[in-house]
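The structure appears below as C-alpha cells.
Side chains included, hydrogens not; waters and symmetry mates left out as well; all remaining heavy atoms used. So you know, we letter chains A, B, ... as the sequences are listed, proteins then strands, and number each from 1.
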Amino acid sequence: MAKETSQLQVALELGMNEQEYNNVLGILGREPSGTELAMYSVEWSEHCGYPRSRTLLKLFPKTGKYPTRAEGEDAGGIEIDTNCYVIFKMESHNHPSQVEPRQGAATGIGGILRDIFTMGARPVALLDSLRFGALDNEKTKALLHGVVDGIQFYGNCVGVPTVGGEIYFHPSYRDNCLVNVMAVGIADSRYMATSKAKGPGNPVMVVGNRTGRDGIGGCSILASHEFSEDDQKRPTVQVGDPFIEKCLIEACMELLQGDAIVGIKDMGAAGITCTTAEMAESGGVGMDIDLMHVPMREAGMEPWEIMMSESQERMLVVAKQGREEEVIALFTKWNLNAAVVGHVTEEKILRIRFHGDIVAELPTESLAAGPVYYLPAEEPEWLATLNSTDLTGLPLPSDYNKVLLNLLSTPNIASKRWAYQQYDHMVQTNTVVPPGAGDAAVIRIKGSERGLGMTSDCNSRYCYLDPYIGAQIAVAEAARNLVCVGADPAAVTDCLNFGKPEKADRFWQLKRGVEGIADACRAFQVPVVSGNVSLYNEGPDAAIFPTPTIGMIGVLEKVEQYATMAFKSAGQQIALFGVTKAELGGSEYLAIEHNMEAGMPPMLNLQAELSVQNCVLAAIKRGLVSSAHDCSEGGIAVTIAESALAGNLGADVKLDTVGRADMDLFAESQSRIVISCSADKVEELQQLAVEFGAPFCVIGTTGGDRLAITVAGNKLIDLPMTEVITAHSEPIFTAMAN
Amino acid sequence: MKFGVVVFPGSNCDADCHHAIATVTGMEVRDVWHEDTDISDLDCVILPGGFSYGDYLRCGAVARFSPVMKSVVEHAAMGKYVVGICNGFQVLTEAGLLPGALYRNDHLQFICKPQYLRIERVDLPFTHFYEAKQVVSFPIAHGEGRYFADAETLKKLEDNNQIVFRYCDAAGNVTADENPNGSLNNIAGICNERGNVLGMMPHPERVCDRLLGGTDGKKLFKSLVESLHIQAISMRGLR
Amino acid sequence: MLYHVNIEITLKPTVMDAQGTTIERALHKMGHESVSNVRIGKFVTMEIEACCEDTAKSMADEMCVELLANQVIEQFDIQVTSLEVAA
Amino acid sequence: MLYHVNIEITLKPTVMDAQGTTIERALHKMGHESVSNVRIGKFVTMEIEACCEDTAKSMADEMCVELLANQVIEQFDIQVTSLEVAA
Ligand SMILES: Nc1ncnc2c1ncn2[C@@H]1O[C@H](COP(=O)(O)OP(=O)(O)O)[C@@H](O)[C@H]1O
Ligand SMILES: [Mg+2]
C-alpha cells in the first residue's frame, strides 16, 4: 500500500464516494485494507451492483407465455420442450471495444458465452448488435474492422455460429461505439447448474486459464511503489483466447453431466472477487480462500491484483468434498488448470489469505448489500421543440427512384454481408434461416421438432425522439421480426446502453426506456429473463442516442414451418398486413433526404400490432405464405425492394395514398408486414385477416426484372432489379475495401 | 462398417460430422480422442473442421503430432479411407499424407458462404455416386484455405488426376472470379495417388439435410459406405 | 538513401501468449525438453527511401504506431541499416 | 550452456504474400509512399540448454523442419547467441 495516501483517498480513487467509504467503516468497524476497498468498490459499482438501475429493473415482467427462469443466475431462460430450456443473455462490451476493438469485441463474446455455459447450457448461437459513428471516416472504419475481426476471431474458433445481429451508424456513437453481444444456449433441465456455494468444507476451485494482470488498470492506485511508475505491468484490456474457451466449454459440459460439483460461476468483471462474493452470498455461506493456490501466469502479483484480475476463460467451482481429484483430472484432460484455492465455511465471512496473513475478511452479505441510489429524472428541455417540428411543409422529392436507391445504399439499410460472411454462421449444422435471409435467424434443435427464432433490435433514433415509444417499438419490432420467420415471440433479454445517469435528462431516458420495454413485454406476454446495463456512454459533447437493445427469442412449434423474406417465384400475389399512416418523424428518409432527425417517432398501437402479428404467424403455420418481411427503416418501398432482391425477382406494386407520396413509400409506420403468396391463397388469407382483425390488402404481383411501384396512379418507382441489387449489396464492401 | 471422427482440442465440426454421417448412412460412428491410438476397428477416419490447438503457429501444425496421427498414417498405409475436411485437410497436408499446403486466403479474411464445386473425379470411393463434372454446392468456412504446391507437384497432381474438387460457378466454369481464396488451379480438394485419402476445404457435412438448405453432401458419405461394401466383399473373396 | 528496416512486434511480457506456451508444450512432447521460454511474434521488413537514418527510423516508428503494432497489447523494436555506402 | 535462439520464418519468394502487399498498399495510402518491398514473417524466440552452439543450432534446425516451419511454403533462418560467458 502507498502509505502516504489515506484509505479514504484510495476509496475515492477507486470510484467510491465518501458515504460509501463510511458504510465500509461501519460494516467492518475498522479501517479497510486496500484489497477490501478494491472488493467493495467493484461489487458496489454500477457494473456489478447496479445501484442506480436496480430499482428500475424491477419493473420488468419475469413471467410470460412459457415457463420461465429469470432469477438468481447470470442468465435466464424459458422451457420450450420437456426438459429443454433455452438460456440466453445479452451483454455490452462498449468501452473495451472503443479502446481496443478486436480484443474488446472478442472478450465480450467470451464473457457472454461463459454466462450461458456456466448454467449448464451448451451455446448454440451468437448475435451481435453494433453501433458506430458515421461510416464516412477512417476512425469508424478502423473500429468496425476491428470489432468484426474480433467477433470472427473468437466466435469462429469457439465453434458457436454467429447467426444474427445488426449494425447501425450514427454520429452520436463516434467516440463511444456499442458492442452488444447475445448468446443463446440449450440446456437439459436435468443437468442445469447453479452458482450457489453450499456445504461447509466443500472445496472451492479456480479452473481454466491462469491468472495474470489483465484488466486491473482501474485499481492501479493500489500499486505499491516499485510498480506504480511502470503501467506496462498492468495491461488494462483483457486478452481472450477462444481455443482455451472452447476447451473450457467442453470440460464444463462434461463436468456438469456428472455430480462432482455443487455450484459453478464464470469469472467476468473483477474475477475472483465477484465470483467468491456472489457464490457465497447466494448460497448463504462464507469462504476461506488462500490466493497462494491460484494458478498464476506471472510472478509477484499482489493480493488485490489477483482478486481484481479479469484474466479470461476462468470459472470458480465449488466441488463436493473428496471429488476434487475427478475435477482436476477432467480439466487436465483438456490442458486446463484446476486448483483448490479454499473451502466453503458455515460462518458467512469471506476470508482471503495471502502468504499466511489475512488480506481481506468481510461479511459476505455486505458485498451484495451495496447502496441504492434514486436519481432525479428530467425530460430534456430540447425534446418538446424537437417533437413538435412541423414536417408538413417539406418539399416532395423530384426523383423517387433516386430516393429509393439512396435509402437502399445508406449503411444503415445496405446489406451487412461484408460482416456476416466473415462469421461462421453454419457451424453446429443447425442454421435454418441464415443471416440475410429473413428478419430473424432460425436454428433447429437436434432431437426436438421445435425451432428457435432469434433477433436483436433497436432503432435509437426513435428512442432519442421518445425513449418510451422507442423502447416499445424495439420490443414490437423484435417480435414482428420473429413472426416474419414463423416464430412465436417468447422471451426477451435486453442491454440498456445510456449516458451518465447522474445527469437528470440521461436518467429520464433510461427510466422511460425501461418503462417502455416493461409495458410492451407485458402486452406481448414475454418475460425479460436476463440483460445488462451499460451507463456512462458519452462522447465529448453529448451522450449517445439512448439505445435499449432488445434481444428476443421465438419458438417454432415445428421448425419446418419457417418463412424467409425472399419472393419465391414469378406471378405470385404481394399483400400488405397493416396500414401506412401519414407520419415521417424519425424516419431514415427524413434523415437522408432532408437531413432532419425530428418529429415524433411512428405511433405504436400494441393491440393493432398483436392482431397483425398473430394473423401472419397463423398464416405462416398454415402454409399460406411464400415470403414475409416487415416494414422498418426506409418504409414499405425498401421492404418490397428487399424481398425482391433477396429472390432476384422483380415486382409490380400499386399503393393508395395518405396524401403525400413520400409518406406512402417511405413512412416507417409500425405494425406492417409485406407477404407474398400464390393467387389461390388470397381468399383464405382474407378470411384469416378478418378473424384476427388485421388490415389486409393485395398490393401487387411478383415477376419480371424491374421493380415498379405506382402511387395513386403515378408510377413513381421503376428500376431494373440489377440497379436495385447493386445499390443494396455493395456500399459496405466499397467503404471497407482498403 | 464403422466411421471414426477424430476429436482434437479445438475441433468444432466433430459433432457435425458425427451427426451427418450417422443420419445419412445409418452406420456406426464413434468419436476418437486425439490421444487414442487404437483405431483398428475403423474403416474410415474423418479429420473434422475446427481450430485444432487454436491453429497456433499454422493451421493443423500441432494437431499433426497428436498420438492418434501415427495410427491414422498406418490406417492410410493399409489402404483404408481417410477424409480431412477444412482443418482436417490442413492436418493431412501438415502430416504429409497429402501434398502441398494451405495458407492465408488471398483477401486475408475468413469467409463463410455456399460455394459451387465441380467434381473432377467420380471413380473414387468418396465420389462414385456423383456424375462426372457434376456441379454441387457445399459451404466453405475458412480463413486459410488457399491451396499451394510447387510447380512440379502441381503438375504431378494434375497429371495423376488427384484433384477431386475445384471452385467454379453455377454452370461449372472454373474461373478466377469463382476462386474464393486464391487457391492454385481453383483447387478445393485433392486425394493421394492411391486414392484412399481425401482432403477438402468445403464442408459436405453441412449439406446433408434439406432443412439446412442442401443435400449435395449426402452422396459423399453414401459413396464411402458403398465402397466399403465392395471392399469387404472383395476381401472375403480373397480368403 | 535507401534503408532496410526490420521491425519485430511481440506481445507485451504481461499479455498471455497462449500460442508460445502451446508450442513449447508441443516441443517438449516431441522430445525437445531442453527448450524454454518459447515466445512467438511477427516481424515486418521493408525498404525506406529517406534522407538519413534517423528519418527512416522515425518513419518506421510512425508506421508501427499507426498501423503495424497494436500498442495496447504489443511492443515493437526497430532496426535500421543503410543499403548504400554514404556519399 | 544456455543459448538464446531467434528463428525467423518467412514465406518463400515463390509463394505469394498477400499480407505484405496489402500492408504496403495501406502504408502508401497513409502517405508513406517511400516504402517498398514490405514482407511479413513470424519469429520464434526460445532458450535452449545445450553443450555447444552447434548442437543448439542443429536442435533448432530440427525443430524448424519438424514443427516450426512448413517447408512447402516457408523458409527459416536461425540465430544462436550464448547467454553465458564460456567457461
Ligand atoms: N437490463 C437488464 N434487464 C434484465 N436483467 C438484467 C439487466 N441487467 C442485468 N440483469 C441481470 O442481473 C444479473 C447480473 O447481471 P450481470 O452483472 O451482467 O451478470 P454478470 O455477473 O454475468 O456480469 C443477471 O441475472 C442479469 O441477467
Ligand atoms: Mg457473468
Trace of the salt bridge (charged side-chain N to carboxylate O under 4.0 Å, His left out) decision for K57(C) with E62(C): CA-CA 9 Å; K57(C) 176 116 169 44; E62(C) 214 175 289; over 6 Å; no

Region of E8(C) that comes under 4.5 Å of a non-hydrogen atom in chain D: both

Pair H32(D)-E66(C), side-chain donor/acceptor within less than 3.5 Å: yes

Stepwise side-chain hydrogen bond (donor to acceptor under 3.5 Å, both in side chains) test for D77(C) and Q79(C): CA-CA 7 Å; D77(C) 171 55; Q79(C) 299 301 337; 3.2 Å; yes

Portion of N6(C) that has a non-hydrogen atom of chain D nearer than 4.5 angstrom: side chain

Contact winner vs chain D - I40(C), V35(C), L2(C), L68(C), heavy-atom pairs under 4.5 Å: V35(C)

Option that, when pairs with chain C are counted at under 4.5 Å, heavy atom only, ranks first among E24(D), M59(D), E33(D), M30(D): M30(D)

Max heavy-atom pair count under 4.5 Å with chain D, selected residue of E49(C), E47(C), M63(C), M46(C): E47(C)

Under 4.5 Å from any heavy atom of chain D - which part of I9(C): backbone

Partner of H4(D) under side chain to side chain contact (heavy atoms under 4.5 Å, CB included), chosen from I48(D), V80(D), T45(D): T45(D)

Spatial distance of atom NZ (K42(C)) from atom CD (Q19(D)) [nearest 0.5 Å]: 8.0 Å

